[in-house]
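Contents: one structure, followed by commentary.
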Amino acid sequence: MTAVGIDAMEIWTGKLKLDLAETFAPAQGDDPGKYTKGLGLRASSFPDVYEDIVTMGANAAHRLMERKGLTPEDIGRIDVATESAFDNSKPVSTYIAGCLEQVYDENFHHANKGERKFACISGTQSLDDAYNWIRAGRNRGRAALVIATDTALYARDDPGEATQGAGAVAMLVDEDPNLVELSTEQGYGSADETDFLKPNQQFPSVDGKRSVNVYLARMREALEDFAEVAGDIHPGDYEMIPFHTPFPGMVRKAAALGYRHIIRGTDVGDLMAEEIGRQPMRSDFETDDEFHAAIKEYTDALTETERYQDWYANSIEPTLEISREVGNWYTGSVHIARAAGLKHARENGLDLDEARLLVASYGSGAQAEVHAETVVPGWEEEIGALDIDEQVRNRYDLSFAEYEQVHDVHNHETETDVEEFTAPENEFAFDGWGRMGERKYRYVE
Ligand code: HMG
């Protein structure tokens, strides 16, 4: 069977930065440690006044097409995953195709375009759609462009405000990929939940503490479901595990749960039992509360072991390096986690040819999905082409008063006129409104 997967990717961050320790924490009267250590975030990316989900997505896609020497004729499908859409009918992919058509001689009239919605997991679902389209032989030799783009803003003073972010990831899905091959096997954990939602409103209604538990519950189900189809998982099977990362502290919890789960019945589980005892079983306790207290105690002991900490340092920590600087990108979040892990491997001379990744996606509402990926030769060159460090470094550092203005600019319910903080150059920029309320864009040389 021909390999299908991600051939190349590009990342585009919003051009502004909110420093959480230096700028946000003092304004909130909080200890910076809550953000840097507790949530694990140093900064958030924000869109400048001329940026939005279309410009960021189109800029990432344009850069990808240029780097790979592609023209619209090479692309048969454009799928956009977002939960920040501004139109209930016209998909963001049409806007992005319209932008790209400004800079290419050909058009995308032949391409199937859509928009996927299921909170943060829709980025991964769009990859699935592209994968299935190619596997079904409907692609006529063309590749799919999958774009995950979001302005992940919360209402001011919402506890989620510290986890905001904005950026886009463009991925080219094709046969014989140069980055990762996707596994056929997938595991799901899906339930009707009201942990985080946007019922016809721009900013989410969030039950923050509950959302953390829902994430963990669905992730456990997805891992179990994946093991049913792919066989038992051993911690040594996967070089890295990129998780959906709303903030790194969430992944700290998810990784402990995942590790607890995957060492059961393995040699690692036996060694761990010698060190800290066997994992608590529900049947050994009379009440759920007693069981949960025992699980918490066991997990605390587990995460203190050298064996766990080594595994975490190698398999999880590298995947968090971009997220710490940019915050939650919703649909793009798990995809920047994969990129961060591969980037770390490249920078540290690790040989990942044929190595396996376990990719753990999540979307509120709620669904988790787990699948495996095989890193393919060529990955180093692809990852080496990313300039995300430079983009992150070049962001304009907002003062708190400027942050408040920018938040208002992007709030659909306020009308604020603020000068741009950075100057667009060789990129798409928002250019005002059309006669039917549509957004207009132009390419700025
Ligand atoms: P909060 O309640 O303000 O924070 O917001 P907290 O008091 O729970 O503190 C956070 C952590 O910092 C805690 O660590 C504190 O102990 C620690 P934990 O106990 O959890 O390990 N802490 C400190 N550490 C060091 N020094 C200090 C200090 N002070 C405190 N001085 C909350 C947390 C998650 C509720 C909030 O950020 C929120 O509502 N976020 C939005 C929802 C969210 O991200 N949920 C995550 C799971 S759902 C998901 O991932 C889906 C999502 O991406 C959306 C989608 O799918 O579309 C959100």
Side-chain angles (χ1 to χ4, degrees), residues 18 20-21 24-42 44 53 81-85 116-126 148-167 169 189-199 201-220 222 242-257 296 299-300 303-304 312 320 323-324 326-337 360-369:
L18 175 65
L20 293 173
F24 188 70
Q28 299 295 106
D30 282 335
D31 179 342
K34 172 172 174 180
Y35 304 109
T36 53
K37 296 199 180 81
L39 297 178
L41 291 167
R42 286 192 275 269
S44 303
I53 49 172
T82 186
E83 48 185 305
S84 321
R116 257 285 194 174
K117 178 176 71 181
F118 195 151
C120 303
I121 202 172
S122 63
T124 298
Q125 290 180 321
S126 298
T149 180
D150 270 299
T151 47
L153 301 191
Y154 288 75
R156 296 292 318 283
D157 296 327
D158 185 289
E161 194 179 359
T163 69
Q164 296 174 118
V169 178
S190 188
D192 176 12
E193 300 277 8
T194 46
D195 52 331
F196 170 110
L197 53 157
K198 297 179 175 179
Q201 62 196 44
Q202 184 190 1
F203 300 129
S205 298
V206 197
D207 187 342
K209 301 279 187 223
R210 204 176 114 64
S211 74
V212 169
N213 290 329
V214 175
Y215 178 124
L216 295 174
R218 303 288 80 79
M219 199 56 86
R220 184 178 48 72
F243 277 95
H244 166 57
T245 311
F247 52 91
M250 181 69 239
V251 174
R252 201 167 54 225
K253 295 180 204 292
L257 174 134
K296 182 170 181 327
T299 307
D300 288 347
T303 55
E304 290 298 316
Y312 189 90
L320 306 175
S323 165
R324 286 193 197 290
V326 302
N328 191 357
W329 284 10
Y330 287 161
T331 54
S333 156
V334 70
H335 306 292
I336 54 176
S361 304
Y362 176 75
S364 285
Q367 181 162 303
E369 186 262 7

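When reading the values below, keep in mind they use all heavy atoms of this one structure, side chains included, and skip hydrogens, waters and symmetry mates. Note that ligands are numbered from 1 as they come in the structure, with each ligand's atoms numbered from 1 the same way.
The atoms of ligand 1 that sit less than 4.0 Å from any heavy atom of S364 are 48 (S), 49 (C), 51 (C), 52 (C), 54 (C), 55 (C), 56 (O). Atoms of ligand 1 lying under 4.0 Å from at least one heavy atom of R252, given by number and element, are 21 (O). Listed by number with element, the atoms of ligand 1 under 4.0 angstrom from any heavy atom of P246 are 44 (O), 46 (C), 50 (O), 53 (O). Taking a cut-off of under 4.0 Å to the non-hydrogen atoms of G363, the atoms of ligand 1 that pass are 56 (O). Of all atoms in ligand 1, numbered sequentially from 1 with element shown, those under 4.0 Å from a heavy atom of V206 are 42 (C). The ligand atoms of ligand 1 that sit less than 4.0 angstrom from a heavy atom of A119 are 55 (C), 56 (O), 57 (O). Atoms of ligand 1 lying under 4.0 Å from at least one heavy atom of T163, given by number and element, are 37 (O).
The shortest N or O to N or O distance between K34 and ligand 1 is under 3.5 Å. Between D158 and ligand 1, no pair of N/O atoms sits closer than 3.5 Å. Polar contact with ligand 1: absent for Y330 (N/O pair, distance under 3.5 Å). For ligand 1, the polar-atom distance check finds an N/O of H244 within less than 3.5 Å of one of the ligand's N/O atoms. The shortest N or O to N or O distance between C120 and ligand 1 is under 3.5 Å.
What sits closest to atom 41 (C) of ligand 1 on the protein, heavy atoms only, is Y154 OH, 3.6 Å. The single protein non-hydrogen atom nearest to atom 40 (N) of ligand 1 is G160 CA, 3.6 Å, given as residue, atom name and distance. The shortest contact between atom 7 (O) of ligand 1 and any protein heavy atom is with K209 NZ, 3.8 Å. L39 CD2, 3.9 Å is the protein heavy atom nearest to atom 10 (C) of ligand 1. Nearest non-hydrogen protein atom to atom 44 (O) of ligand 1 is F247 CE2, 3.4 Å. Atom 57 (O) of ligand 1 has E83 OE2, 2.6 Å as its closest protein atom, hydrogens excluded (heavy atom only). Closest to atom 31 (N) of ligand 1, if we only count protein heavy atoms, is D31 OD2, 3.1 Å. Nearest protein heavy-atom contact of atom 13 (C) of ligand 1 is G38 CA, 4.7 Å.
Protein heavy atoms come within 4.0 Å of atom 51 (C) of ligand 1. When distances from atom 15 (C) of ligand 1 to the protein are checked, no heavy atom turns up under 4.0 Å. The protein reaches atom 27 (C) of ligand 1 closely, with a heavy atom under 4.0 angstrom from it.
No side-chain donor-acceptor contact under 3.5 Å links T163 and N328. Side-chain atoms of S323 and T245 include no donor-acceptor pair closer than 3.5 Å.
To the nearest 0.5 Å, atom CD of residue E161 and atom OH of residue Y154 are 11.0 Å apart.
For atom 20 (O) of ligand 1, the nearest non-hydrogen atom from the set R218, K253, Q367 comes from K253. Considering A152, S211, A254, P204 only, the shortest heavy-atom separation from atom 43 (C) of ligand 1 involves S211. Summarising the contacts of atom 36 (C) of ligand 1 with P159, G40, G208, A25, the nearest heavy atom is found in P159.
Residue F196 is tested with Y330, Y215, F203 for a ring-ring contact (aromatic ring centres under 6.0 Å, His included); the sole match is Y330.
Formation of a donor-acceptor pair under 3.5 Å by the D195 side chain with backbone atoms of G365 is found in this model.
Look at Y35 and you'll find every heavy atom at least 4.0 Å from all atoms of ligand 1.
The proximity of D30 to ligand 1, defined as any non-hydrogen pair under 4.0 Å, does not occur for either the backbone or the side chain.
Salt bridge absent: K117 and E83 never bring a charged side-chain N and a carboxylate O closer than 4.0 Å.
R218 meets the salt bridge (Lys or Arg N to Asp or Glu O under 4.0 Å) test with E193, E221; sequence neighbours excluded.
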